Amino acid sequence: MVADAAARQVVMTHPTGSAWRLGAGVVALAFVLTAAGAVMGDTGEAPAAPAAAGAAVAPGAAARLGVRPLQAHLKAQPKDAGAWAALGAAYVEEARVSGDPSRYPQAEQALARSLRLRADDNAEALAGRAALAAARHDFTAALGDADRALAVNPYSERGLSVRIDALVELGRYPQALDAAKQADARRPGIPVFTRFAYVHELRGDTKEARRVLELARGSASTRADIAYTETALGQLAWSQGEYDRALRHCAQALKAAPGNLEARECRARSTAGKGDLTGAVREFEAIVDQSPLPGRLMALGELYDAVGRPGPARQQYAVVGTWTGLARAGGVNPDLDTALAAADHGDRAEALRAARAEWQRRRTVHTEDALAWALHRAGRSEEALPHARAATATGYRNAAFLYHRGMIERATGAGPAARASLTRALALNPAFSPLGAREARRALDALEAS
């Protein structure tokens, strides 16, 4: 257990960079909800053998089975509530890995079936429904179901973890810290440690975030947990401009879990940070072939633009719109992703609509930043400035937020403030975005010349 007050804090590391930061909306969120499989139940080891046809599946064993073994088991045992709950969780995990939101309605049906079979004490299904709501970006519903799951089983790891995530994504940071402390007291482990680290990161304490992640890495015993913690450390290092350190962590993650997409994405971003844009393009092309999530599509598009391939870049940006339609059909709210993508590479009016809608639902540093940038890109920089300041008010060390703030300050005539913000952005992570970093340098040169 990370017991003392100084140690009880975790990272859901958010990639920085305007379009590059889209990963924080869907990819990184789903990554943290699984917490190396601990929240969704994947141990990273060989899957458990299917249960005998006449036996119910114990919750822990069910969680380790994939979709097909669970489906086969449920054909023989259709009244196994625990197996239906595990199937719902497995569908959510499949959606996370594949980027296919059509799995979410199937997850919803499986979890509802579990609750119909056992309504009174079904913490597994309630926690699974909470995770599904969070994956769909309905964080109010996620919080409600997490609380219901914990009322049944106060030690539910999934319930405790999703509760922290929901509070973070609703912008209720002090409550999220309290929830992380409570979770650490009840179910200490990597899912809780990593969330503690992210709360620290949001407060600007990246040193403590790294320390807690290193403690989590030291306690990792499965390949999945090693890969998860090493990737989280790599993402944190990348966000602070420490590309060599990030690459070392990515290498360790991929040694533990070859092909891990989050580790490969971290490696690609770090490779770009080192100046090898062509290598980063190749890596992202392979990643997008397997998992065409919006953050990855936008990252590849920006890399294409940076290496002088505008045609393929436009194709990547256009695919984000296709994904958005699929996401909505799967019950996902993609407004934050839409706002960030459209502000830089699409319909700016749509970007502002989406950003306003998301900001009304939840007031986080990410929604403040998205609204600020959408307002600025729509020519409303004076209105944008308070939101840009709010996005950086917690101390969160995010180069994209500082870049956005600096560009907005420049547009409002606040030259000295703009110089300070842009200088901080480039000092923190000089390759936070292939296009954004280039624009930041141009703006800074113009400000210094004037």
Side-chain angles (χ1 to χ4, degrees), residues 33-35 37-43 47-67 69-94 103-136 138-167 175-176 178-192 195 331:
L33 286 174
T34 55
V39 176
M40 303 310 289
D42 178 11
T43 66
V57 181
R64 291 191 291 272
L65 295 173
V67 167
L70 284 166
Q71 288 173 330
H73 169 78
L74 285 164
K75 285 183 179 179
Q77 290 292 309
K79 294 185 179 181
D80 186 344
W84 282 109
L87 180 61
Y91 280 137
V92 174
E93 173 67 359
E94 275 204 354
R103 284 301 197 187
Y104 293 138
Q106 293 173 290
E108 183 176 13
Q109 292 168 11
L111 293 164
R113 179 78 171 267
S114 178
L115 286 164
R116 284 197 301 270
L117 288 167
R118 196 175 82 237
D120 294 335
D121 62 344
N122 197 340
E124 295 87 2
L126 289 168
R129 198 167 68 177
L132 172 61
R136 285 173 153 175
D138 185 351
F139 299 106
T140 299
L143 181 60
D145 275 329
D147 284 338
R148 292 182 190 97
L150 293 169
V152 176
N153 176 10
Y155 298 92
S156 166
E157 186 173 67
R158 188 177 302 165
L160 290 164
S161 298
V162 176
R163 186 169 191 272
I164 301 167
D165 293 334
L167 288 167
Q175 289 175 269
D178 289 341
K181 291 177 180 178
Q182 182 184 70
D184 185 35
R186 293 181 183 178
R187 286 294 297 270
I190 286 173
V192 175
R195 284 161 174 81

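For the numbers below, each heavy atom of this structure counts, side chains included, while hydrogens, waters and symmetry mates do not. Here the structure is a predicted model, which is why all the values come from computation and not from measurement.
Salt-bridge annotation for Arg148 and Asp145: present, with a side-chain N of the basic residue lying under 4.0 Å from a carboxylate O of the acidic one.
Here the closest heavy-atom approach between residue Ser114 and residue Ala125 is recorded as OG-CB, 3.5 Å. Minimum heavy-atom separation, Phe139 to Ala134: CE2-O, 3.6 Å. Residues Leu167 and Gln175 come closest through the heavy atom pair CD1-O, 3.6 Å. Residues Asn122 and Ala81 come closest through the heavy atom pair ND2-CB, 4.2 Å. Contact detail for His73 and Ala83: the closest heavy-atom pair is CD2-CB, 3.6 Å. Of all heavy-atom pairs spanning Ala166 and Ala142, the tightest one is CB-CB, 4.2 Å.
For Asp147, the salt bridge (Lys or Arg N to Asp or Glu O under 4.0 Å) test picks out Arg163, with sequence neighbours left out. Applying the salt bridge (Lys or Arg N to Asp or Glu O under 4.0 Å) rule to Asp121 yields the partners Arg118; only residues at least two apart in sequence or on another chain are considered.
Side-chain atoms of Arg187 come within 3.5 Å of backbone atoms of Tyr155 as a donor-acceptor pair (strictly under, hydrogens ignored).
At least one side-chain heavy atom of Leu160 sits under 4.5 Å from a side-chain heavy atom of Leu150. Side-chain contact check for Val152 versus Asp120: every heavy-atom pair is 4.5 Å or farther apart.
Atom CG of Leu87 and atom CZ of Arg113 lie 10.5 Å apart (nearest 0.5 Å).
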What donor-acceptor contacts under 3.5 angstrom involve side-chain atoms of residues 105-112, with partners at least two apart or in another chain?
| unit_1 | atom_1 | unit_2 | atom_2 | d |
| --- | --- | --- | --- | --- |
| Gln106 | OE1 | Arg103 | NH1 | 2.9 |
| Glu108 | OE1 | Arg136 | NH1 | 3.2 |
| Glu108 | OE1 | Arg136 | NH2 | 3.4 |

